[in-house]
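Have a look at the structure below, then the notes.
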Amino acid sequence: MADEGLVSHKRDPIKSSVGNAAAQRRRQHAVTVGKERREALMRTKRLCRVRVSGDSDDASPDDNDMMIEEDQSILEAQTSSAVEELKLAVAHQGKGPTQKRVNALRELRRLLSRSEFPPVEAALQAGAIPLLVQCLSFGSPDEQLLEAAWCLTNIAAGKPEETKALLPALPLLVAHLGEKSSLHVVEQCAWALGNVAGEGEELRNVLLLQGALPALARMLLPNKKSTVRTAAWALSNLIKGPDPRAATELIKIDGIPDRIVRHLKKGDDELATEVAWVIVYLTALSNVATTILAKSDLVEVLVEILDMSTSLQLLIPIVTLFIINSRIFQEAAWVLSNIAAGSVEHKQLIYSSEAMPFLLDLLSTAAFDIKKEVAYVLGNICVAPAEGSGRPNVILDHLVNLVRGGCITGFLDLVRSADVEAARLGLQFIELVLRGMPNGEGPKLVEREDGIDAMERYQFHENEELRSMANELVDCYFGEEYGLDE
């Protein structure tokens, strides 16, 4: 592990949570609610706002105003009207009406792509799903297939009940992943399936029964980056469990282990990030996958990325891989704790990633040294540097959800430990809970976990700093008037 001087410098945000104002950074603006929602969607569900291909000539002329936020009621009315136009176009068969169907689909797709909150409910109530399924029929022109799949992609990015509405379309979306389909159609169908898989275990099981796993796995074999990137993201949603069978099935597909490592090593940061999350779920869920990948040069590639990459999005799954696959990789948790000590956006990136469930689990189950490093990560994402001097500001959403996740017990274990640094860290986080939890519920939560007893053990402790911290917290939050208002 790095020398203590470096660790202390990087970790000032959490270490200064009880009165120490040294090395404070200028507070950055908090992330807006809309941006938080977008970032959360980036790992599970993703709106499609532009064509799946990165080619410049794929953008439609009428997409130039895609980012304009429509008045929702107007957008919903336009969407209902667009579905009615699609009904009329679908009702007319033959070559002549083909362009009418494409135009009607394009208009519906445009409306489902223009807003951060697409009018999915209006489209469903107007009867869009049966029409879109019909437009996915084999023998349809590629442009029609692409527009229909795009509409389904954004419907699947909606609420759970809206995503489940795609059940009749799933067999055709899987079927269009076949080798005879055009690349644009394949990528768009994979995107739609990735959104469906991101909804939860029930729909993942449906997709697995319908053959989505081998179909998506085939998309990893070519070298076209956009294809592999979309497939890797969809696969990470599909195999994330809790049943490990999908992960084991994926790693056993011929050529997949070598191709995964190759894309991780040769791909750009965005592609490598998606592939890294696939590896996270493979190794977290399947011993077979871990054994197979361990025989490759995966570890060397991971170490090289950890040493060289400056991409935060890529570092998080790489560090997560080290943490969940070997409890001796203390350096990995240390790297993540220093990322968490950065800006508010860095903290938000970790908080909204799949690393969080692993970190919460490690706080309770890991060896002591790893547990302490993980505690730095969790503590750092809960505080934002103060302006000027004084205590850092609590990032309330982060703190509340970590506490709901059961982290108080893990931090109190640190308070009870004989390690001075760990005890200090535990007390600092308990201070955040006591002063930061809404409605004054912090003291009751700490008391429920026998936190008063844990702090009172320092009443006559030989370490002056720990003694002062613990006594101040007990006096301030559990003094003579504590509990009198009940």
Side-chain angles (χ1 to χ4, degrees), residues 41 44-55 58 60 86 90 101-102 105-106 108-110 112-113 118 120 123 128-158 162-199 203-222 224-239 246 250 253 271 274 278:
L41 287 173
T44 52
K45 292 184 174 185
R46 300 176 177 180
L47 284 171
C48 182
R49 307 293 289 272
V50 294
R51 286 278 176 88
V52 290
S53 172
D55 298 336
D58 279 340
S60 300
L86 181 58
V90 169
R101 287 196 296 274
V102 171
L105 285 166
R106 183 179 293 121
L108 178 59
R109 178 265 299 166
R110 186 182 69 85
L112 290 170
S113 305
V120 173
I129 295 296
L131 300 172
L132 294 171
V133 171
Q134 192 170 344
C135 290
L136 283 177
S137 60
F138 278 93
S140 301
D142 282 351
E143 188 68 12
Q144 177 176 313
L145 296 172
L146 180 63
E147 296 288 356
W150 190 339
C151 291
L152 290 167
T153 297
N154 284 355
I155 291 173
E162 295 168 348
T163 307
K164 289 181 180 179
L166 264 71
L167 280 170
L170 299 186
L172 281 169
L173 288 170
V174 174
H176 281 300
L177 299 181
E179 297 177 355
K180 294 183 179 180
S181 300
S182 73
L183 191 58
H184 292 337
V185 172
V186 168
E187 290 186 40
Q188 193 65 64
C189 290
W191 192 332
L193 293 172
N195 278 343
V196 173
E199 185 52 56
L203 288 176
R204 285 198 290 273
N205 289 337
V206 172
L207 291 175
L208 291 170
L209 289 173
Q210 294 181 353
L213 183 67
L216 288 169
R218 283 194 299 268
M219 294 174 63
L220 296 181
L221 299 178
K224 184 173 176 57
K225 290 182 179 180
S226 63
T227 303
V228 177
R229 187 169 59 243
T230 302
W233 166 73
L235 281 168
S236 69
N237 273 349
L238 188 59
I239 69 171
L250 175 60
I253 295 175
L271 173 56
E274 301 297 354
V278 174

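- Note that SG of Cys151 is 8.0 Å distant from CG of Leu86, once rounded to the nearest 0.5 Å.
- The minimum heavy-atom distance between Ala149 and Ala192, with the atom names listed, is O-CB, 4.2 Å.
- Counting only distance, with no hydrogens or angles, the side chain of Ser140 and the backbone of Leu136 share no donor-acceptor pair below 3.5 Å.
- Residues Val196 and Leu173 form no side-chain contact, since every pair of their non-hydrogen atoms from C-beta on lies 4.5 Å or further apart.
- Salt-bridge check for Glu274 with Arg229: failed, with every basic side-chain N at 4.0 Å or more from each acidic carboxylate O.
- Judged purely by distance below 3.5 Å, without hydrogens or angles, the side chains of Thr163 and Asn195 never pair a donor atom with an acceptor atom.
- The shortest distance between side-chain heavy atoms of Leu145 and Ser182 does not fall below 4.5 Å.
- Put simply, CG on Leu105 and CG on Leu132 are 6.5 Å apart, with the number rounded to the nearest 0.5 Å.
- Here the CD-CD distance, from Glu147 to Gln188, works out to 9.0 Å after rounding to the nearest 0.5 Å.
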For residues 203-214, please give each side-chain donor-acceptor pair under 3.5 Å, one per line with the distance, not counting sequence neighbours.
from	atom 1	to	atom 2	distance (Å)
Arg204	NE	Gly241	O	3.3
Arg204	NH1	Ala197	O	3.2
Arg204	NH2	Gly241	O	2.6
Asn205	ND2	Glu201	O	3.4

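- A 4.5 Å side-chain heavy-atom check between Val278 and Leu250 finds at least one atom pair inside the cut-off.
- Here the side chain of Lys45 pairs no donor or acceptor atom with the backbone of Glu199 at under 3.5 angstrom.
- Gln144 CD to Leu146 CG: the interatomic distance, rounded to the nearest 0.5 Å, is 11.0 Å.
- The two atoms that bring Phe138 and Leu172 nearest to each other are CE1-CD2, 3.8 Å, heavy atoms only.
- At distances below 3.5 Å, not a single donor-acceptor pair connects side-chain atoms of Glu162 with backbone N or O atoms of Ile155.
- Interatomic distance, CG of Leu220 versus OG1 of Thr230, reported as 10.5 Å (0.5 Å rounding).
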Q | Check against salt bridge (charged side-chain N to carboxylate O under 4.0 Å, His left out), Arg106 and Glu143 | A | CA-CA 9 Å; Arg106 183 179 293 121; Glu143 188 68 12; 3.3 Å; yes
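- Judged by distance alone, with hydrogens and angles left aside, the side-chain atoms of His176 form no donor-acceptor pair with the main-chain N or O of Cys189 at under 3.5 Å.
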Q: Could you please spell out the steps behind the side-chain contact (heavy atoms from CB on, under 4.5 Å) verdict for Ile129 and Leu152?
A: CA-CA 8 Å; Ile129 295 296; Leu152 290 167; 3.8 Å; yes
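- Distance check: Thr153 OG1 to Leu166 CG gives 8.5 Å after rounding to the nearest 0.5 Å.
- When all heavy atoms of Arg46 and Trp191 are compared, the closest pair comes out as O-NE1, 2.9 Å.
- Listed for the Trp150 side chain is a donor-acceptor partner under 3.5 Å among the backbone atoms of Cys48.
- Side-chain N or O atoms of Ser181 include none that pairs as donor or acceptor with a backbone N or O of Leu177 at under 3.5 Å.
- Of all non-hydrogen atoms in Ala246 and Leu238, the two that sit nearest each other are CB-O, 4.4 Å.
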